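Just so we're clear, the structure is a prediction, and the values are computed from it rather than from any experiment. Labels below follow one simple rule: chain letters A, B, ... track the order of the sequence lines, proteins then strands, and each chain is numbered from 1.
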There are 2 protein chains.
Amino acid sequence: MSYTFVRYFTNRMAETETITRNQKKIARYARAMAHPVRVYVLELLSRQNCCYSGDLSEHLPVAKSTLSQHLKELKEAGLIQGEIEAPRIRYCLNRENWKEAQELLKHFLSI
Amino acid sequence: MSYTFVRYFTNRMAETETITRNQKKIARYARAMAHPVRVYVLELLSRQNCCYSGDLSEHLPVAKSTLSQHLKELKEAGLIQGEIEAPRIRYCLNRENWKEAQELLKHFLSI
DNA sequence: TTCGTATTTCGTAAAATTTCGAACATTACC
DNA sequence: GGTAATGTTCGAAATTTTACGAAATACGAA
């Protein structure tokens with residue numbers, strides 16, 4: 001059970017605050033997924049390992065600067081990471097955090 | 001497999017628009033879950049069937065009007081519903097839409 | 001009918017999100 | 001050193017979100 005790697009306070013409310021750390025994390029990840037463009041990007045990245053901003057820009061109906069903004073937010077949420085490669089930047093999922101988001105959200109949805 | 005009740009365009013991109021209907025739905029549900037208070041409420045409701053606004057208000061560190069606003073957003077997202085009962089209002093999950101959210105998000109997270 | 005309880009809606013304000021085009025960075029190649 | 005290719009950051013504007021207290025609503029009970 002991979003769940004054992006994430007501690008859940010949700011059942012015991014084992015913290016002073018009524019809203020737990022995990023609930024805040026869930027909200028944070030959900031916020032990152034709260035835009036169609038970002039859902040599209042995450043879905044693409046979890047299917048094919050990596051992609052370039054240009055690939056996305058070709059298909060998505062938003063300005064490059066807008067796309068860049070969304071990528072920045074996914075990066076700030078910890079869900080993706082970008083590696084500079086020549087004139088381009090290669091974006092990949094941040095597997096570790098993606099896994100945490102999976103576990104937290106799936107658990108949250110399964111209660 | 002309950003998945004058969006939700007059609008996924010995510011693999012085939014079977015629509016004219018690059019962003020699919022389901023990706024928009026996922027973003028919409030994620031947005032509803034994008035605040036700690038709303039995560040708390042959803043988690044409580046999926047654990048115990050129903051609750052009253054007052055119960056929540058007692059525990060959460062927000063003004064009643066703020067809580068009411070969050071409940072309204074969950075209602076607008078289709079995730080909860082409120083039934084008038086005496087002077088109070090009893091909030092429950094909207095099981096049908098909650099199930100859709102579960103299926104869409106879990107599938108999205110499992111790709 | 002008047003009062004108290006439970007909760008929402010309104011008005012308002014601050015902060016965050018979303019979007020775009022223009023300007024700026026970085027590197028590869030003549 | 002120029003120039004093209006690929007992206008990001010900046011500046012600005014519109015919209016949305018979040019939050020609160022005060023006022024309004026709805027209803028049961030005295």
Rounded to whole Å, how long is the line connecting atom [atom1] of [X] with atom [atom2] of [N]?
X: A:Arg31; N: C:dA16; atom1: CZ; atom2: P; value: 10 Å
X: A:Tyr91; N: D:dG7; atom1: OH; atom2: C1'; value: 8 Å
X: B:Glu73; N: D:dT17; atom1: CD; atom2: C1'; value: 7 Å
X: B:Leu67; N: C:dT9; atom1: CG; atom2: P; value: 13 Å
X: B:Leu71; N: D:dA19; atom1: CG; atom2: P; value: 13 Å
X: B:Leu56; N: C:dT7; atom1: CG; atom2: P; value: 9 Å
X: A:His35; N: D:dT15; atom1: NE2; atom2: P; value: 15 Å
X: A:Ile89; N: C:dA25; atom1: CD1; atom2: P; value: 15 Å

- How about B:Asn49 and B:Arg90: does a side-chain donor come under 3.5 Å of a side-chain acceptor? no
- Item | Plane angle bin for A:Phe108 and B:Trp98 - parallel if under 30°, tilted between 30 and 60°, otherwise perpendicular |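 B:Trp98 and A:Phe108: perpendicular rings.
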- By nearest nucleotide on DNA chain C, pick out whichever of A:Pro87 and B:Asp55 is the more 5' one.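 Its nucleotide being nearer the 5' end, the pick is B:Asp55.
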Does a side-chain N or O from [X] land closer than 4.0 Å to OP1 or OP2 of [N], or not?
X: B:Arg88; N: D:dG28; result: no
X: B:Tyr52; N: C:dT5; result: no
X: A:His70; N: C:dT19; result: yes

Would you classify [X] as touching base, sugar-phosphate or nothing, given that sugar-phosphate means primed atoms plus P, OP1 and OP2, and contacts are heavy atoms under 4.0 Å?
X: B:Ser65; result: base
X: A:Gln69; result: base
X: A:Arg90; result: nothing
X: B:Ser68; result: base

Taking the side chain of [X] as heavy atoms from C-beta outward, which of [options] is closest to it?
X: B:Lys72; options: C:dT8, D:dT18, C:dT9; result: C:dT9
X: A:Arg38; options: C:dA28, C:dT18, D:dT18; result: C:dT18
X: B:Lys64; options: C:dT9, C:dT8, C:dT18; result: C:dT8
X: B:Ala63; options: C:dT8, D:dG21, D:dT8; result: D:dG21

- Message: For a 4.5 angstrom cut-off between non-hydrogen side-chain atoms, does B:Met33 reach B:Glu43?
- Response: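 A side-chain contact under 4.5 Å is absent here.
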- Close side-chain approach of A:Lys99 and A:Gln102, heavy atoms under 4.5 Å: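 Yes - at least one pair of side-chain heavy atoms lies under 4.5 Å apart.
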- Item | Over 12 non-hydrogen atoms of neighbours within 6.0 angstrom of CD in B:Gln48 |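 Yes, enclosed.
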